[in-house]
Structures are given as C-alpha cells and as structure tokens.
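Notes follow the structure.
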Amino acid sequence: MIIKIPEEEFTVDVEQEFLSKLIEESIKKANGTGNLSAILINKYNLKEYTKRSLADSLRKWQRKRHLIYLNAYIKLGSYRAIDKDILYSKVLSIKLPRGKISLKTSYPIKLNSAWAFLSECIRSEGHLTKLKKRIILENTDVDLIQEFKKNARKVGVSNFRQSLKVKFMVPLDARLSEVKVINLNSDEEKKLHRRILKLKDCDRQEMIFTESNASAGDSFNYLVKSKSFQFNIAVHIPKAGKIKADSTLQTDRICQKVTPSLIVTIGNSIFYRILSKTFQIQPGRKSHKIFIPGVIKQLPKGTLKHAINSILAAESTILPQHGIAITSLSKQYLNDLKEIFLKFNITSKIDKKQRTLLIFGFRNVDKLNENFDFILKSKNNSLKDLIESRKEIHAPHGLAKSLYLKSLDELGTATSIGIRNHAGRFGNSFRLYINELLNKEYIKVVNNIKPKTYIITDIGKIYLEENKTYWVD
C-alpha cells in the first residue's frame, strides 16, 4: 500500500546532477525556458504558476537554490518521458515548503510495517501537540522507546530529542514554593510543577521535573528538600527494560514513591502531517475519542501485526492464569481492536463497563503468542509464564472432576468460585461438575449459608489418589 500525499503541497530533494540535467534537457526540447513554462502550465496543468514565475522557479530548482515541488518534478519527468521508477529513485527526501526538517524517504511512500507500528504506538501511548506540531511518546520502559526510534528511523526520521521525566511523591501539605530539587550530578536546581491526585482512600501530592538529554545507561541522583523534610531520589536508565528509581521519602503509605519515564520528542512537519492526515490521529490528548482507521484495519496481516505489536507493548496487561487485558476510554477503539483480532482467529470480549478488552482461553493466548511480539521483555516473559502455568493446570479431556477435586484438596475449604479460580478454569460448566461431585459424595457442604463452602470427602480423596498420575510434574 502507498501513503498518498498531495503532490502540489510537498517539495523533494532530488539528486542534483539528475535534476539539473532533467531541467536542462527539458528547456532544450521546448526551445527555451519560457516555452517550457507555457507547456507545463497549459498541457501539464501547473496552473498555480504564471509563465514568468515558473521560468524563475525552474532556474532556481536547477541551481538547487530552492527544492522543487513534487508535482512539478513529476510533470517534468512526464514531459521528458522518463520512466517513473527511475524518476522516483532519484528522490532523496520529502519536505513541506515551510518545514525545517525533511523526511529522508523515497517516493512514493510505502505504508510498511514501520509506519503501521509508529501510527498505533502514537495513537495508544503518545500524542501530537496542537501548537508546535510535535510528536511525543512517553513510556517507562526503554525497550518500547528504542523500538519506536528504530521504526522512526526506517521511515526517514533522523532527529530526536529525549528527556527524562520524574514524578515523585511529597507530603500533602508541602508547598511548591518551598520545595527544591537539586541534581547532585550537576548541582542544577530543577524547575518543578505539581498535581494533586484524588484517590479512593486519600489524596496524594506529586511534584514533577524533567531532565534534558537523557540516554540509556545514564544515572541521576537528586536531593529533595524543604523546611520540614529532606530525602533523596536515584534514577537509572538501563540499556533495556524498565527505568529504575528509588526515593528515601519516609511514608506509611504503600505506594510508588517515584515514577520515572523517558520522553521522545520529534519535530518533523511531514511526519506530523502523515500521522494526522493519513492515519487520522487527532492532535491533543483525546484518549476517549481514539479509533483505528480503515487504512490500518485493511492492511495485510503481515503488516497489520506490527501495529498490534505496538498496542500490546503499550496498553496490554497480562493477567496471571487468566489472559490479556487491554484498557481504553474509547469504546470504538476497543471494538476496532476486537475486529482486528478476529482476523487472526482470536476472539475477545469487552467488559460491562466498556473499558477493557479481555482475551481469555488457551487457544486465544496461543494465537497471540504465535502472531505477535509484546516487544517488552517483561511482557514477553509474563506471556511465557502464563502459557506454562496454564499448561500445568490443564486437565486432560474428561478429567475436569479430578481437576476440581485437586483444587479443593489444596485449598482445604473453599467456595465454588474459589475452587474454580484456583483450578484456573473459566465459564459456567464448573457448576455442573460441582453438582456431580456433590451427588457422588466426593465433596460436601460445610457452610450452607451463601456463599456455600465445601471440603473434599474421604471418598473424594480416594478418587483423587486413583487419578494422581495425571498431576505428576
């Protein structure tokens, strides 16, 4: 697939010798610059130019004083009857006329796996700024940041600005004006801003600062002080994996006292334009309005899976002995994901609150593992653990009764839901098995008040002993 851009709105950097020769030979063929301008305007529909302005532009393009507009370059190639593959192969980069930085890519721009990854990574985990037209990605894991930058380079982005953002907890009564943060590596005092989090059990105050030019392998130490408290913060950005941080703040609350993240900022107007126009990513933070457009959903599966890789890395949560959950404020986004997963024969459901897409079941989890890469080492390891743990608790066909008995025997006393969850089983069929175990007196009720609780009987233990070979590791 090709990313379509309006050719009259973009300029291209072309191999200088080829472009100079193309224009010179076109002038000779037309018997003069004025005649060539008239031909291009009248026969090749370059109506935005006057004869004089186009003649002036041709000279400037030939000397490479200005970059040539893409539509003019293509029309010149058509006039000289140059094969399009040859013509396009001479394009070195594409740029908006007023843009400062070009996109080092060939033309036409192919919608490849890198574009698929980048679009959905920004849609789910990043955002486009409204005013300065910047592309921003923020994450706490170096693996995702590196994968994003690798794919951005593949599409022609060469300039990145990377910084460290640190959010840290302070006492609720602390005043912003009284708190100072000193970088002990450089003695620089950091600029702070704050926010109050309204949590269920209590309010919490966080203060935030950034460290520019932060890279993988860097370590930072900070002193946080005010009139009433003083503590230290240490941050280490590893080469791979989650950013590590520690705070010596003394508190009775069980909470994360410091949260570091890496921020990648890209200032490239054409990259911004393609993300906003072709991939329909709305500027600003609009997580409740996001959706996956048709240009992504219609991609071949081999390309589409790279888009899903970025979503799984950024948004998924792996639930031990259960499956995978993807949370979003946008119901449409979850339905789009559900539609895409069906293309890979993966079934899913959206919870009652319309906020989480759930993927459960052996077959679905195996399909996820076969088709996608969660990118983050921690998530890939969690998926592997999920598969291994569920294989261990999987009962051979027709032996679900033994599985439930084993679960109850290990628990001692449990409700029916407790037995089911401990066994790692799902669905409502377990109720039939509970009734069957009761009828055969393999288990008995010890508390008849809802929720009922059960224990295994001697008869049940004998049955389990006879089937113990199925549970040997």
Side-chain angles (χ1 to χ4, degrees), residues 1 3-5 94 96 99 101-105 109-163 165 210 261-299 303-316 326-330 332-334 336-337 340 357 372-376 379:
M1 293 180 69
I3 294 176
K4 295 180 180 179
I5 59 174
I94 302 175
L96 284 167
I101 302 173
S102 61
L103 198 66
K104 298 184 189 306
T105 182
I109 303 172
K110 295 180 181 179
L111 205 174
N112 55 22
S113 60
W115 277 110
F117 179 92
L118 292 166
S119 69
E120 298 320 296
C121 193
I122 290 298
R123 194 188 315 278
S124 62
E125 190 70 357
H127 69 279
L128 307 180
T129 63
K130 290 183 178 180
L131 298 178
K132 293 186 177 182
K133 297 190 181 302
R134 299 286 187 265
I135 302 97
I136 295 177
L137 176 71
E138 179 179 349
N139 199 264
T140 60
D141 199 298
V142 176
D143 291 343
L144 181 59
I145 295 293
Q146 301 288 43
E147 188 70 16
F148 174 79
K149 290 167 68 175
K150 182 179 79 173
N151 281 281
R153 290 187 185 97
K154 287 181 180 179
V155 303
V157 176
S158 55
N159 296 320
F160 306 90
R161 190 168 75 246
Q162 187 166 287
S163 58
K165 180 178 178 180
T210 58
S261 57
L262 277 177
I263 300 174
V264 175
T265 303
I266 298 172
N268 187 303
S269 56
I270 185 170
F271 186 45
Y272 185 102
R273 171 75 175 262
I274 290 172
L275 289 173
S276 61
K277 299 296 184 182
T278 301
F279 297 106
Q280 300 178 51
I281 299 176
Q282 300 180 54
R285 298 179 183 270
K286 299 181 178 180
S287 56
H288 61 291
K289 292 183 178 180
I290 65 172
F291 64 95
I292 301 176
V295 68
I296 290 293
K297 290 193 285 186
Q298 294 164 13
L299 288 172
T303 307
L304 182 59
K305 70 178 185 179
H306 292 276
I308 300 301
N309 288 347
S310 68
I311 296 169
L312 291 172
E315 297 295 330
S316 71
I326 300 172
T327 302
S328 174
L329 296 176
S330 169
Q332 180 60 53
Y333 183 70
L334 295 178
D336 290 337
L337 280 176
I340 290 172
L357 185 73
F372 305 111
D373 180 1
F374 284 67
I375 296 169
L376 309 188
K379 288 193 177 182

Exercise: identify the closest heavy-atom pair between Ser119 and Ile281: O-CD1, 3.4 Å
Working note: Ile340 + Lys297, criterion side chain to side chain contact (heavy atoms under 4.5 Å, CB included); need CA distance, chi angles, decisive distance, verdict. CA-CA 7 Å; Ile340 290 172; Lys297 290 193 285 186; 3.9 Å; yes
Taking the side chain as C-beta and beyond, is there a heavy-atom pair between Ser269 and Ile101 under 4.5 Å? no
Looking at every heavy atom in both Asn268 and Ser102, which two are closest together, and how far apart are they? ND2-O, 3.1 Å
Got Leu376 and Leu312 here, is their nearest side-chain heavy-atom distance under 4.5 Å? no
Quick one: does Phe279's side chain get under 4.5 Å of Leu111's, heavy atoms only? yes
Does any part of the side chain of Gln162, heavy atoms only, come nearer than 4.5 Å to the side chain of Ile145, both counted from C-beta? yes
Steps toward side chain to side chain contact (heavy atoms under 4.5 Å, CB included) verdict (Leu118, Phe271): CA-CA 10 Å; Leu118 292 166; Phe271 186 45; 4.2 Å; yes
For Glu125 and Leu144 the tightest heavy-atom approach is CG-CD2, 4.5 Å
Could you check whether atom NZ of Lys149 has more than 12 heavy atoms from other residues, nucleotides or ligands sitting under 6.0 Å from it? yes
Go through Phe117 and Lys154 one step at a time and tell me if the side chain to side chain contact (heavy atoms under 4.5 Å, CB included) criterion holds. CA-CA 11 Å; Phe117 179 92; Lys154 287 181 180 179; over 6 Å; no
Atom pair CD1 (Ile5) and NZ (Lys277), whose distance is rounded to the nearest 0.5 Å: 13.5 Å
Do Glu120 and Ser310 have side-chain N/O donor and acceptor atoms under 3.5 Å apart? no
Distance in Å, Lys104 NZ paired with Ile270 CD1, rounded so as to fall on 0.5 Å steps: 12.0 Å
Could you tell me the separation between the OG1 atom of Thr210 and the NZ atom of Lys165, rounded to the nearest 0.5 Å? 9.0 Å
Less than 4.5 Å apart, any side-chain heavy atom of Ile311 and any of Ile292? yes
Rounded to the nearest 0.5 Å, what's the gap from NZ on Lys110 to CD1 on Ile3? Could you check? 12.0 Å
Before you tell me yes or no, could you show the steps for Val155 and Thr105 under side chain to side chain contact (heavy atoms under 4.5 Å, CB included), namely the whole-Å CA-CA distance, both residues' side-chain angles and the distance that decides it to 0.1 Å? CA-CA 6 Å; Val155 303; Thr105 182; over 6 Å; no
I want to check something: taking the side chain as every heavy atom from C-beta on, are Ile109 and Trp115 in contact at a cut-off of under 4.5 Å? yes
Determine whether a donor-acceptor pair (N or O, by modelled atom type, separation under 3.5 Å) exists between the side chain of Ser276 and the backbone of Arg273. yes
List the atom of Ile375, the atom of Asn309, and the distance in Å for their closest heavy-atom pair. CD1-O, 3.8 Å
Residues that Asp141 engages under salt bridge (Lys or Arg N to Asp or Glu O under 4.0 Å), provided they are two or more places apart: none
Heavy-atom distance under 4.5 Å between the side chains of Ile308 and Leu337, does that happen here? yes
Distance in Å, Phe160 CZ paired with Ile135 CD1, rounded so as to fall on 0.5 Å steps: 10.0 Å
Of all heavy-atom pairs linking Ser330 and His288, the shortest is CB-O, 3.5 Å
Student check: side-chain heavy atoms of Asn159 and Ile266 closer than 4.5 Å: no
Atom pair OG1 (Thr278) and NZ (Lys4), whose distance is rounded to the nearest 0.5 Å: 10.5 Å
List the atom of Thr129, the atom of Pro283, and the distance in Å for their closest heavy-atom pair. O-CB, 4.3 Å
